[in-house]
Amino acid sequence: MKDLRTGSLRQAIGPGLLMAGAAIGVSHLVQSTRAGAEYGLLLLPAILLACILKYPFLEFGPRYAAATGEHLLSGYRRLGRWALGLFALVTLGTMFIIQAVVTVVTAGLLGTLLGLDVSTFTLSVWILAACLVLLAVGDYRGVDLGMKLIMAVLTACTVAAVALAVWGMPQWQGITGLEEAPRLWTGAGFAFLLALLGWMPIPLDVAVWHSLWSLERARETGTRPSLGQALTDFRIGFWAATLMAAAFLLLGALTLYADGRVFADSAVGFAGQLVDLYAGTLGEWSRPIIAVAALTTMFSTTLAVTDAYPRVVLALWRTARGQETNHAAGRGGHLAYALVLVGILAGALALIRFAGERFTAFIDLATTLSFLSAPILAWLTLRVVTHPHMPPADRPGGLTLALAWAGLVFLTGFSLVWLGWRLFG
């Protein structure tokens with residue numbers, strides 16, 4: 001990016017919203033709503049705390065890209081091959097299951113919207129085939145524009161649904177969820193809490209995705225954002241994702257917890273309940289609009305994940321070989337991209353076939369793996385932005401560093417507690 005002219009803030013906006021669009025998927029539509037449905041408002045502070053403590057590590061991706069003109073993987077390589085290897089292990093250990101989870105949720109919404117009596121696996125094949133076609137003929141700008149439009153529609157619908165649900169709530173005492181607190185200290189309760197926080201608001205490896213998207217945005221627009229512009233773009237997306245997480249928890253608490261209902265275990269059953277949440281508060285007229293908005297949102301999340309993993313794998317390969325990778329690998333006829341993409345989707349479909357209808361257990365496994373890998377990614381990213389290669393003026397300030405260390409202690413401590421519980425009971 002060093003040879004690009006400096007652009008305006010409007011030209012810099014994009015990667016942050018793409019991150020938010022990828023975030024407002026399983027973690028929000030499923031996990032946040034489920035937390036409200038099962039625990040009322042009890043877990044709202046935990047969600048907000050997790051988002052705040054993860055903030056520095058997600059911010060370090062666009063910060064490093066704007067300051068150095070490199071993606072975050074180049075920063076890991078500067079620490080040593082061991083750092084790049086650790087990130088590679090985390091990515092290879094989670095990418096198939098994360099791809100599978102976002103696809104399964106999208107498949108459930110598609111089956112509900114169209115009323116199809118088709119297996120989740122078949123629907124997943126259709127969705128991933130559509131992603132393949134779009135990535136073959138589209139480009140970054142198409143994904144970027146689509147995500148902005150979809151985010152606007154779903155945000156408006158969600159805010160309206162929450163506002164109407166709050167208006168119709170006679171008293172808040174009934175949904176505080178305080179009576180559910182003892183359940184959090186059981187094995188099942190603690191496991192759910194870890195799974196909830198794992199993707200809240202999004203896994204930490206997305207910092208690498210964001211740095212790749214930032215460089216691709218700069219290449220597409222022909223402009224180089226300043227550090228301030230890059231961080232403003234990031235903060236818009238981050239705080240939008242955080243507020244939407246709180247909104248989905250409120251929606252679940254106001255409409256499901258208050259009525260004593262629980263979520264279905266299947267993807268199709270959950271999707272039907274999700275649409276019912278909106279229709280019950282906005283009115284039946286909104287059912288098709290909400291179904292299309294939720295499906296489009298999850299499809300966009302699936303598309304973003306489908307695009308990101310081949311980029312990351314190729315960037316990992318090239319960075320490990322010492323090749324220059326100042327922007328993401330091209331799509332279109334790029335054979336390497338196509339081969340990696342097909343391999344990842346084939347692995348995801350194999351997992352979907354294996355998991356069957358064990359929908360919630362499947363999601364909990366994916367989010368737990370993300371949480372357990374979070375301390376490793378957080379430590380690596382913190383090392384990168386404080387490395388001598390990082391321009392001193394662009395390094396994070398004292399408050400951000402203090403928050404980062406607090407987040408690292410939180411992520412490490414929580415993971416050790418979980419591991420101790422699994423090993424010793």
Side-chain angles (χ1 to χ4, degrees), residues 12-36 43-63 98 101-102 105-106 143-144 146-159 161-162 195-214 217 230-252 274 293-294 296-305 307-308 363 366-367 370-371 374 377-378 381 403 407 411:
I13 296 295
L17 293 180
L18 194 58
M19 178 199 70
I24 302 174
V26 174
S27 62
H28 291 56
L29 290 174
V30 180
Q31 296 293 68
S32 289
T33 313
R34 183 176 159 202
L43 296 181
L44 181 58
I47 284 180
L48 296 178
L49 180 64
C51 291
I52 291 171
L53 291 178
K54 287 184 181 180
Y55 170 90
F57 309 110
L58 293 169
E59 184 228 66
F60 292 160
R63 177 184 289 274
I98 289 176
V101 164
V102 297
V105 177
T106 310
V143 176
D144 177 53
M147 193 68 78
K148 290 175 182 176
L149 295 174
I150 292 160
M151 279 282 294
V153 172
L154 186 74
T155 299
C157 292
T158 302
V159 170
V162 171
L196 172 68
L197 302 182
W199 280 5
M200 193 55 59
I202 198 167
L204 290 189
D205 43 346
V206 173
V208 171
W209 303 7
H210 198 148
S211 67
L212 289 167
W213 284 328
S214 295
R217 173 70 175 178
L231 294 183
T232 297
D233 168 62
F234 164 77
R235 287 163 185 159
I236 291 172
F238 176 85
W239 291 115
T242 299
L243 292 175
M244 287 292 284
F248 278 108
L249 182 141
L250 280 172
L251 196 58
L274 180 67
T296 311
T297 298
M298 275 309 308
F299 180 76
S300 297
T301 299
T302 305
L303 183 62
V305 171
D307 176 63
I363 291 176
T367 51
S370 292
F371 192 94
L377 298 178
T381 308
L403 188 60
L411 294 171

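Counting only heavy atoms from C-beta outward, the side chains of His210 and Asp233 approach each other to under 4.5 Å. For the pair Met19/Phe234, a side-chain contact is recorded, criterion being any heavy-atom separation below 4.5 Å from C-beta on. Taking the side chain as every heavy atom from C-beta outward, Ile202 and Phe238 never approach each other to under 4.5 Å. When side chains are defined from C-beta on, Thr301 does not count as touching Ile24, because their heavy atoms never get closer than 4.5 Å. Side-chain contact between Leu303 and Asp307 is absent, with no heavy-atom pair separated by less than 4.5 Å.
In terms of modelled atom types and a separation under 3.5 Å, the side chain of Thr106 and the main chain of Met298 share a donor-acceptor contact. Looking at Thr33, its side chain does come within 3.5 Å of a backbone N or O of His28 through a donor-acceptor pair.
Rounding to the nearest 0.5 Å gives a distance of 9.5 Å between CG of Asp205 and CG of Leu58. Annotation: the span from Thr302 atom OG1 to Ile98 atom CD1 amounts to 12.5 Å, rounded to 0.5 Å. For the atom pair CH2 of Trp209 and CG of Leu212, the computed distance is 10.5 Å after rounding to the nearest 0.5 Å.
Under the side chain to side chain contact (heavy atoms under 4.5 Å, CB included) criterion, Ala378 pairs with Phe57, Leu204, Leu408, Leu411, sequence neighbours left out. For Ser32, there are no side chain to side chain donor-acceptor pair (under 3.5 Å) partners at least two apart in sequence or on another chain. Taking Ser211 as the reference, nothing meets the side chain to side chain donor-acceptor pair (under 3.5 Å) condition, with sequence neighbours excluded. Residues satisfying the side chain to side chain contact (heavy atoms under 4.5 Å, CB included) test with Thr381, not counting sequence neighbours, are Phe60, Leu72, Tyr76.
Residues Leu44 and Ala246 share a closest heavy-atom pair of CD1-CB, 3.8 Å. In plain terms, the two heavy atoms of Gly237 and Ala20 that are nearest each other are O-CB, 3.4 Å. Residues Ile47 and Leu196 share a closest heavy-atom pair of CG1-CD2, 3.9 Å. Heavy-atom minimum distance, Ala23 versus Ala241: CB-CB, 4.0 Å.
Note on residues 234-249: pairs passing side chain to side chain donor-acceptor pair (under 3.5 Å), not counting sequence neighbours, are Tyr55-Arg235.
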